[in-house]
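Shown next, in structure tokens, is the structure this report addresses.
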2 protein chains.
Amino acid sequence: MESPRVRDPERTRERILDAAQALILDHGFSATSVDAIVGRAGATKGAFFHHFGSKADLAKALVERYAALDRAHLEQGLARAGKLSSDPLQQLLLLIAFYEEEFEAMQEPFPGCLFASYIYEAKLFDDATLAVLRESTLLWRRVLRAKLEEAAAVHPPRREVDMESLADLFYSLSEGAFVMTKTLGDKTLLARQARHLRNYLELLFGPADGAATRPPS
Amino acid sequence: MESPRVRDPERTRERILDAAQALILDHGFSATSVDAIVGRAGATKGAFFHHFGSKADLAKALVERYAALDRAHLEQGLARAGKLSSDPLQQLLLLIAFYEEEFEAMQEPFPGCLFASYIYEAKLFDDATLAVLRESTLLWRRVLRAKLEEAAAVHPPRREVDMESLADLFYSLSEGAFVMTKTLGDKTLLARQARHLRNYLELLFGPADGAATRPPS
DNA sequence: GCCATTATACCGACCGGTTGGTATGTATCA
DNA sequence: TGATACATACCAACCGGTCGGTATAATGGC
């Protein structure tokens with residue numbers, strides 16, 4: 001039989017958000033029409049404007065969902081690292097390694113980051129929407145900076161470095177690697193860039209001989 | 001008297017390209033209308049379609065100009081570094097330092113990179129246009145990788161690293177820092193991120209004890 | 001030097017198609 | 001039976017692009 005046309009408004013909403021995200025990462029927000037979104041989502045314009053007041057509303061809802069997932073993902077990774085090691089430096093290295101694993105396990109080419117997509121069309125969004133980007137960026141900075149200072153307390157860094165910008169390196173390098181992967185279509189690039197961030201931390205905080213990571217004594 | 005309406009087609013063309021670039025970095029390509037471009041450039045639609053066959057043509061011409069400047073800038077920096085030091089590692093460190101200087105000297109907030117802007121609307125451009133992005137990315141990889149291998153020959157790295165992805169770190173980190181600056185509006189961020197790349201190279205290729213240069217065995 | 005001819009550079013009204021958004025109708029649920 | 005969750009037809013505004021026209025510069029014959 002045909003699908004019995006079950007009603008599931010939450011799923012419809014999610015399908016629209018999913019379709020919008022995929023299209024926006026390929027075409028940008030402006031070039032992604034409402035018709036194209038509902039076409040891909042298997043919905044109609046009526047459904048779209050029932051769930052979202054406007055296209056701008058969708059933009060905000062979409063990036064809020066994205067930011068929440070991003071945040072949960074980061075905190076989950078840190079929690080997992082915290083269970084595996086009590087050393088803050090090891091936790092950071094593990095966190096990066098987790099991301100590397102995920103990048104390596106990816107099937108399709110990385111579709112890109114919604115934050116970067118938005119910021120290169122920044123003038124199209126209202127300040128409440130852009131505030132989500134800022135807050136997400138600052139969250140990364142805050143969380144990683146705290147962990148880095150813990151690590152520095154245990155393992156005095158071999159050079160004096162600014163901890164804020166060192167924390168920013170995580171976000172920065174991620175975004176840059178996303179741009180580069182999208183440009184070259186090279187799936188391995190993400191993990192290989194992350195590897196260098198790990199190397200840097202190991203060299204910076206590691207023992208003077210620069211040997212590979214050792215479990216904390 | 002009024003400006004005597006001098007004819008200068010090349011300048012008109014450049015003015016259109018300049019206006020387009022500024023608008024595209026803020027709104028993206030799709031949301032930048034031809035009317036907006038010519039409005040900002042002080043030209044008309046007639047002039048636009050006289051100089052460019054279509055909006056897509058402008059996109060290609062614009063990114064080609066951008067790529068040529070980017071390439072010239074990189075090669076100039078390397079040439080300048082080559083005059084100041086004969087050591088390839090020092091040349092790389094100088095190259096980064098030059099970029100840091102420029103970032104620090106900037107008045108207005110960094111407007112962003114056209115490559116990243118395009119890649120997040122990738123589906124809007126034909127392959128010839130996207131090829132410009134790829135070629136520019138690969139140029140950075142090629143040039144820096146060659147220099148890094150020279151450096152590694154003189155200063156054996158303290159860890160085994162993949163030189164290709166190490167070369168990619170330059171482009172990657174730049175793009176990421178651009179995204180982050182655009183998000184936070186923090187002018188100092190660019191130079192501070194570049195500083196870490198310099199640190200990484202110094203730690204990686206530098207002497208083990210941090211005192212004297214180790215002669216190659 | 002001078003004028004006729006041609007090519008270039010530009011102008012701006014206009015066109016068909018697409019856009020975000022609305023109005024109205026209908027089916028499904030509580 | 002009222003409210004929710006859609007579906008569809010429609011609209012005004014805007015989009016890239018065209019086209020007839022004009023003003024200026026370059027060219028060539030004399």
Side-chain angles (χ1 to χ4, degrees), chain A residues 1-21 23-24 26-63 117-118 121 123-126 128-129, chain B residues 1-21 23-24 26-63 117-118 121 123-126 128-129:
Chain A
M1 296 296 171
E2 277 296 311
S3 60
R5 185 171 276 301
V6 281
R7 272 237 229 182
D8 193 341
E10 275 186 45
R11 248 179 72 87
T12 301
R13 202 187 122 102
E14 288 295 308
R15 277 198 345 260
I16 290 173
L17 287 170
D18 290 343
Q21 180 164 325
L23 288 170
I24 287 171
D26 278 343
H27 306 81
F29 178 74
S30 172
T32 300
S33 70
V34 174
D35 280 326
I37 294 170
V38 297
R40 186 183 172 113
T44 61
K45 236 167 182 180
F48 183 97
F49 285 101
H50 172 73
H51 286 286
F52 306 99
S54 67
K55 201 191 168 194
D57 262 22
L58 166 90
K60 184 150 175 280
L62 183 60
V63 79
S117 172
Y118 275 41
E121 294 179 282
K123 280 275 163 69
L124 308 185
F125 304 103
D126 55 34
T129 303
Chain B
M1 294 295 172
E2 277 297 309
S3 62
R5 182 167 280 297
V6 281
R7 274 243 229 176
D8 193 341
E10 277 185 44
R11 248 179 71 89
T12 300
R13 204 186 120 102
E14 288 295 307
R15 276 199 343 262
I16 291 173
L17 286 170
D18 291 343
Q21 181 164 325
L23 288 170
I24 287 171
D26 278 343
H27 305 80
F29 178 74
S30 173
T32 301
S33 70
V34 173
D35 280 325
I37 294 171
V38 297
R40 187 185 171 112
T44 62
K45 236 168 183 179
F48 182 97
F49 285 101
H50 172 75
H51 286 287
F52 306 99
S54 65
K55 202 191 166 192
D57 263 23
L58 166 91
K60 183 150 176 281
L62 184 59
V63 79
S117 172
Y118 275 41
E121 294 179 282
K123 281 274 163 69
L124 309 185
F125 303 103
D126 56 35
T129 303

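Quick caveat, the model's predicted, so the values are computed rather than measured. In what follows, every chain begins at residue 1, and chains take the letters A, B, ... in the order their sequences are listed.
Residue Pro9(B) is the one, among Gly46(A) and Pro9(B), whose nearest nucleotide of DNA chain C lies closer to the 5' end (criterion: closest heavy atom).
At distances below 3.5 Å, not a single donor-acceptor pair connects side-chain atoms of Glu121(B) with backbone N or O atoms of Gly28(B).
Residue Ala47(B) comes nearest to Ala43(B) through the heavy atom pair CB-CB, 4.1 Å, listed as atom of the first residue, atom of the second, then distance.
Rounded to whole Å, atom C1' of dA27(C) lies 13 Å from atom NE2 of His50(A). Whole-Å rounding puts the His27(A) NE2 to dT18(C) C1' distance at 15 Å. What separates CZ of Phe52(A) from C1' of dC6(D) is a distance of 14 Å, to the nearest Å. Rounding to whole angstrom units, CG of residue Leu124(A) and P of dG20(C) are separated by 12 Å.
The ring pair (Phe, Tyr, Trp, His ring centres under 6.0 Å) test applied to Phe125(A) returns Phe29(A), Tyr118(A), not counting sequence neighbours. By the salt bridge (Lys or Arg N to Asp or Glu O under 4.0 Å) test, Asp18(B) pairs with Arg65(B), sequence neighbours left out. Residues that satisfy the side chain to side chain donor-acceptor pair (under 3.5 Å) test with Thr129(A), not counting sequence neighbours, are Asp126(A).
Residue pairs meeting the side chain to side chain donor-acceptor pair (under 3.5 Å) criterion with at least one partner in residues 37-61 of chain B, sequence neighbours excluded, are Lys60(B)-Glu64(B).
The closest side-chain heavy-atom distance from Phe52(A) to Leu17(A) is below 4.5 Å. At least one side-chain heavy atom of Leu58(B) sits under 4.5 Å from a side-chain heavy atom of Ile37(B).
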Please tabulate the protein-to-nucleotide N/O contacts below 3.5 Å involving nucleotides 12-17 of chain D, giving atom names and distances.
from, atom 1, to, atom 2, distance (Å)
dG16(D), OP1, Lys55(B), NZ, 3.0
dG16(D), OP2, Val34(B), N, 2.9
dG16(D), N7, Lys45(B), NZ, 3.0
dG17(D), OP2, Lys55(B), N, 2.7
dG17(D), N7, Lys45(B), NZ, 3.4
dG17(D), O6, Lys45(B), NZ, 2.7

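Residues from residues 10-17 of chain B with heavy atoms under 4.0 angstrom of DNA chain D: there are none.
For dC6(D), one of the phosphate oxygens OP1 or OP2 lies less than 4.0 angstrom from a side-chain nitrogen or oxygen of His51(A).
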